[in-house]
Amino acid sequence: MIRYPIFIPLSFLFAMIVCGPKAEKAMSFRSSSAYGQLYPEQPWRFNPEFAIDGKSNTAFCADSKIGSNIGFTLFLNSITEFSAIQVTNGFSKSLSESAQFSQVKKLNIKVGFLKEVGGGEIKIVDEESIFVDLSPVSFSGSKTTAQTIETGKKLKGNAITFSFTEIHSGSKSKNVCLSEFSIGELIDKKFKKHPVLNEETIKSKIASFDIASRHFNAFGKLVTANEAGSINFWNQAIALPVFFKSDNTFSFSEMYTTSENPPDTGFSQAKQGSYLITSTDAQGMNLTVTFFDPSGVEQNESWIFKRVSQGDEDFDHFKTRMGTSFSEVYDSKKTYLLLLRKVSSGETFYNYEISLK
């Protein structure tokens with residue numbers, strides 16, 4: 001399983017630094033960061049946004065084997081204030097599935113303020129911390145029943161961290177999940193949820209996960225097709241034979257050309273080793289390939305793999321390259337248009353032969 005930290009761009013963090021104590025009874029979502037997330041290279045599955053999307057059948061899930069430092073942080077556009085929370089525990093798609101995954105037993109909530117501390121570094125400061133005990137999710141028929149908890153004091157800040165410190169063990173999995181989380185207050189003993197001011201931002205982020213999943217699934221098609229042998233990716237008349245296996249090994253055979261007038265520059269030599277999917281987003285899948293060069297020195301190269309669609313700049317680039325032969329070699333109703341790009345040089349190779357079926 002691949003795990004990697006999620007970094008927040010400094011430009012975003014600078015925008016989140018808020019001066020003054022004024023707070024609002026609402027939440028304006030900016031971004032998130034996860035710790036120990038399950039399948040982080042597949043954000044459409046268990047990213048933090050699924051814990052605040054208003055749907056109990058989605059969830060943030062973490063790998064409990066990592067240890068106690070698992071959970072997520074929400075970064076907000078402005079300071080919020082709340083004195084109660086409402087939680088739907090576990091992965092609550094159904095009663096049976098909620099019993100299979102582990103659930104949060106003790107939740108540590110820290111609320112603080114983002115501050116520049118020098119050298120461009122941003123930290124969360126003046127954090128207040130509380131611990132709350134959570135019960136396993138309950139159902140009324142097929143619907144979940146959320147748990148409401150008073151925090152005991154008003155919590156204020158623009159960064160909220162949720163750490164899972166103890167778990168209710170699941171029947172089949174130690175991966176721990178939390179389906180939904182809301183902030184608010186109790187009025188006449190009833191929970192009043194503070195509104196999310198920019199729900200469209202969350203929806204847009206989740207929609208981008210769907211685009212990311214298309215790249216990931218197309219890569220799976222490539223791996224399956226590679227079971228029959230290497231597959232050529234083309235840069236004009238230059239072919240790069242590639243071979244990715246499901247065990248995370250790869251090989252690039254030596255490039256060759258079908259041109260009668262080959263370029264003067266030499267072609268890349270054959271490479272074989274291992275690959276790692278470091279992340280997947282709407283722009284493509286980021287791969288690191290590791291191999292030993294002819295001198296025996298270990299090398300790491302960054303490549304981007306993506307499924308190219310109409311409207312994409314790379315689609316227009318491919319169409320321009322192919323010229324009048326475009327419609328002869330590529331049929332969007334029958335085959336994928338796939339791309340491999342070496343990050344350091346920008347060399348770009350296309351494949352248009354793998355069937356959509």
Side-chain angles (χ1 to χ4, degrees), residues 1 3 5-6 27 29 32-40 43 45-76 80 82-112 124 127-140 143-153 155 157 159-184 186 191 193-194 196 202:
M1 189 183 301
R3 305 182 182 92
I6 298 177
M27 186 173 76
F29 173 77
S32 68
S33 180
Y35 320 98
Q37 180 179 330
L38 193 61
Y39 306 118
R45 298 183 67 176
F46 301 119
N47 234 53
E49 283 77 7
F50 290 118
I52 55 171
D53 65 350
K55 300 177 182 178
S56 61
N57 61 349
T58 60
F60 168 80
C61 294
D63 184 354
S64 65
K65 295 189 292 294
I66 290 178
S68 58
N69 186 29
I70 55 176
F72 61 94
T73 298
L74 300 179
F75 301 99
L76 309 180
T80 191
F82 61 96
S83 57
I85 60 172
Q86 195 168 71
V87 178
T88 302
N89 210 350
F91 189 21
S92 304
K93 292 180 70 175
S94 66
L95 180 59
S96 60
E97 289 196 66
S98 67
Q100 293 175 16
F101 281 80
S102 296
Q103 303 182 37
V104 184
K105 184 176 182 179
K106 189 175 288 290
L107 180 65
N108 180 206
I109 304 174
K110 295 179 181 179
V111 185
I124 302 175
E127 283 187 305
E128 288 197 80
S129 176
I130 64 168
F131 288 85
V132 296
D133 295 317
L134 299 182
S135 303
V137 65
S138 60
F139 284 77
S140 176
K143 294 184 178 181
T144 57
T145 301
Q147 182 178 358
T148 300
I149 301 170
E150 282 193 277
T151 60
K153 56 184 175 181
L155 298 173
I160 310 174
T161 298
F162 309 89
S163 298
F164 306 165
T165 59
E166 294 182 27
I167 67 171
H168 298 286
S169 295
S171 61
K172 292 186 177 181
S173 173
K174 290 190 178 297
N175 297 323
V176 57
C177 303
L178 186 126
S179 284
E180 200 63 25
F181 187 95
S182 301
I183 61 173
L186 289 185
F191 181 75
K193 177 183 174 180
H194 290 344
V196 178
I202 299 172

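Everything numeric here is computed off the predicted structure, so don't read it as measured data. Residue numbers run from 1 in the order of the sequence given.
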*Apply the test side-chain contact (heavy atoms from CB on, under 4.5 Å) to residues Lys153 and Ile130: give CA-CA distance (whole Å), side-chain angles for both, the deciding distance (0.1 Å), then the verdict.*
CA-CA 9 Å; Lys153 56 184 175 181; Ile130 64 168; 3.7 Å; yes
*Decide whether Thr165 and Ser163 meet the rule of one side-chain donor and one side-chain acceptor closer than 3.5 Å.*
no
*Do we see a donor-acceptor contact under 3.5 Å between the side chains of Ser32 and Glu49?*
yes
Say whether, by atom type as modelled, one donor and one acceptor occur between the side chain of [X] and the main chain of [Y] under 3.5 angstrom.
X      : Y      : answer
Asp53  : Ile202 : no
Thr73  : Thr161 : no
Ser83  : Thr151 : no
His168 : Leu134 : yes
Gln86  : Thr148 : no
Thr88  : Ser179 : no
Ser94  : Glu97  : yes

Can you tell me how far apart [atom1] ([X]) and [atom2] ([Y]) are? Round to the nearest 0.5 Å.
X      : Y      : atom1 : atom2 : result
Asn57  : Phe50  : CG    : CZ    : 10.0 Å
Phe181 : Ile160 : CZ    : CD1   : 6.5 Å
Leu76  : Ile183 : CG    : CD1   : 7.0 Å
Glu128 : Ile109 : CD    : CD1   : 12.0 Å
Phe139 : Ser92  : CZ    : OG    : 5.0 Å

Exercise: identify the closest heavy-atom pair between [X] and [Y]:
X      : Y      : result
Phe46  : Tyr39  : CE1-CD1, 3.9 Å
Phe60  : Gly71  : CZ-O, 3.4 Å
Lys193 : Ser182 : CE-OG, 3.6 Å
Phe75  : Ala159 : CD2-CB, 4.4 Å
Cys177 : Ala59  : CB-CB, 4.2 Å
Gln103 : Val176 : C-CG2, 3.6 Å

*asked:* Applying side chain to side chain donor-acceptor pair (under 3.5 Å) to Ser129 and Asn108, what does each step give before you reach the verdict?
replied: CA-CA 7 Å; Ser129 176; Asn108 180 206; 2.8 Å; yes
[X] side chain near [Y] side chain, heavy-atom distance below 4.5 Å:
X      : Y      : value
Val196 : Ile52  : no
Cys61  : Arg45  : no
Asn89  : Gln147 : no
Phe191 : Leu186 : yes

*Let me see the working for Val111 and Phe82 under side-chain contact (heavy atoms from CB on, under 4.5 Å), right down to the final yes or no.*
CA-CA 10 Å; Val111 185; Phe82 61 96; 3.7 Å; yes
_Under a 4.0 Å threshold between the charged nitrogen and the carboxylate oxygen, would Asp63 count as salt-bridged to Lys65?_
yes
*In terms of the angle between their ring planes, are Phe72 and Phe162 parallel, tilted or perpendicular, with boundaries placed at 30° and 60°?*
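The arrangement is tilted - the two ring planes meet at 30° to 60°.
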*Step by step, would you call Leu107 with Phe164 a side-chain contact (heavy atoms from CB on, under 4.5 Å)?*
CA-CA 5 Å; Leu107 180 65; Phe164 306 165; 3.7 Å; yes
_Take a 6.0 Å sphere around NZ of Lys106 and say whether it holds more than 12 heavy atoms from other residues, nucleotides or ligands._
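Above 12, so yes.
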*Determine, stepwise, if the pair Lys174 / Ser169 fulfils side-chain contact (heavy atoms from CB on, under 4.5 Å).*
CA-CA 6 Å; Lys174 290 190 178 297; Ser169 295; 4.3 Å; yes
